[in-house]
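To keep things clear, I will list the structure first and then write my remarks on it.
Protein chains get the first letters and strands the later ones, always in sequence-line order, with residue 1 at the start of each.
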There are 2 protein chains.
Amino acid sequence: MLRISKLTDYGIVIATHLASCGGPHPVSDLSAETEIPAPTVAKVLKALARAEVVTSQRGARGGYQLAHRPEDISVVRVIEALEGPIAVTECVDDESVCSHEARCNVRANWQRINDAVYAALDGIKLSDMAEPGGARLVQLVRSAGEANRARIGV
Amino acid sequence: MLRISKLTDYGIVIATHLASCGGPHPVSDLSAETEIPAPTVAKVLKALARAEVVTSQRGARGGYQLAHRPEDISVVRVIEALEGPIAVTECVDDESVCSHEARCNVRANWQRINDAVYAALDGIKLSDMAEPGGARLVQLVRSAGEANRARIGV
DNA sequence: ATAAAGAGGACCAATCTAGTCTCGATTGCT
DNA sequence: AGCAATCGAGACTAGATTGGTCCTCTTTAT
Ligand code: SF4
Ligand code: SF4
């Protein structure tokens, strides 16, 4: 598990699609192109628009397009737009409080892990997701592996 | 979001606690020491025992203890024991299938991201969680940040 | 004016989660 | 042998979350 919600997943798929084709796309087109039901596409895009990940144009010949360049939008932006701040544990989230916070001694470490996950996802931009090869992503995975090996080597 | 479940969190807390004190601990003790309700502690430990993260000893003066050395158990072991394989998206999971898999063009990239997350979490051992300072964890976070910066620099 | 689009939000069914409880099987101790 | 401590398996519930649909209203190009 440790899964992003399905709607968030759709958000990435749609945003990535928008990254590859320019101009404003109405929901109907995006639904056809991504094979995701139109009402769902609409729901996702409304959330993305509120978070200013995409911009909308109403009326005839309107639709959605990215609010910034694909290389300036990270997957974190999309995830946070759809399911709130990244927080692997409850104590890391500002909104909620865990009743054990006061005397939990793994809390500080979770904060660090959360930062690491955030940084990793923030390093991945929509432009990276748009290339099927994912050349840049390979770098990232390798870095994570190195961190792992470095740790073991200590 | 992108949160581990609360039971999993407890699993880490309990396992980390076991990492710092040796001998077999009965549920009642662990409950008192971690301030987690006993039935819940029991539920978590049963799952961990099934996954062979901890071993159990029944009868009087029995209890639970780690099945391996703390430095040989990563947080991934605990997470997977409690909520199944790490799978940020549906398509990465072997069990379930996403209906878009055939023509989804971000799928391959999610697989890479998933690998990165897995590697990062696998690099963190219970022994790391047990030190409040988390000296080794700093390394990891730094690595992730570097990967990010490297990516931007490209 | 009209038709094409998005905005906002209500709504529902299905699933998942957290947590409790009961009963039965082991096992050390005396 | 008997007893009390302790784990094992799993049923069960209430509440939260998720995925998905639908309706009404506003905006805007032509
Ligand atoms: S304070 Fe401890 S128990 Fe509470 S959410 Fe954080 S890590 Fe988990
Ligand atoms: S195949 Fe595409 S839409 Fe389906 S789970 Fe994977 S990334 Fe998401």
*OP1 or OP2 of C/dA7 less than 4.0 angstrom from a side-chain nitrogen or oxygen of A/Ser56, does that happen here?*
yes
*asked:* Tell me whether the side-chain N/O atoms of B/Arg50 come closer than 4.0 Å to OP1 or OP2 in D/dA9.
replied: yes
*Below 4.0 angstrom, N of the basic side chain to O of the carboxylate: do A/Asp93 and B/Arg3 qualify?*
yes
Whole angstrom value for the distance that separates [atom2] of [N] from [atom1] of [X]:
{"X": "A/Leu30", "N": "C/dA5", "atom1": "CG", "atom2": "C1'", "result": "13 Å"}
{"X": "B/Tyr64", "N": "D/dT6", "atom1": "OH", "atom2": "C1'", "result": "9 Å"}
{"X": "A/Leu45", "N": "C/dG9", "atom1": "CG", "atom2": "C1'", "result": "17 Å"}
{"X": "A/Leu48", "N": "C/dG8", "atom1": "CG", "atom2": "C1'", "result": "16 Å"}
{"X": "A/Leu82", "N": "D/dT18", "atom1": "CG", "atom2": "C1'", "result": "13 Å"}
{"X": "A/Asp93", "N": "D/dT17", "atom1": "CG", "atom2": "P", "result": "12 Å"}

*Around B/Glu52, counting heavy atoms of other residues, nucleotides and ligands shown, do more than 12 lie under 6.0 Å from its CD?*
no
*Scan nucleotides 14-21 of chain C nucleotide by nucleotide, 5' to 3', and note B when protein non-hydrogen atoms come under 4.0 Å of the base, S if they reach only the sugar-phosphate, - if neither.*
----SBB-
*asked:* So if I define the base as every atom that isn't primed, P, OP1 or OP2, how would nucleotides 25-30 of chain C read as a B/S/- string at a heavy-atom cutoff under 4.0 Å?
replied: BBBSS-
*Just checking, is any N or O donor in the side chain of A/Thr89 or B/Asp9 under 3.5 Å from an acceptor N or O on the other one?*
no
_Pair B/Ser31-B/Ser28, side-chain donor/acceptor within less than 3.5 Å_ = no
*Mind checking whether B/Leu7 and A/Trp110 sit in one hydrophobic cluster, side chains of I, L, V, M, F, W, Y counted as touching below 4.5 Å?*
yes
_ILVMFWY network linking A/Val78 to A/Leu66, side-chain heavy atoms under 4.5 angstrom_ = yes
_Could you check, using the six-membered ring where one of them is a Trp, whether A/His17 and A/Tyr64 have ring centers closer than 6.0 angstrom?_
no
*Checking A/Gln65 side chain against A/Leu18 main chain: does a donor-acceptor pair fall under 3.5 Å?*
no
*Check: B/His100 and A/Val13 side chains under 4.5 Å, non-hydrogen atoms*: no
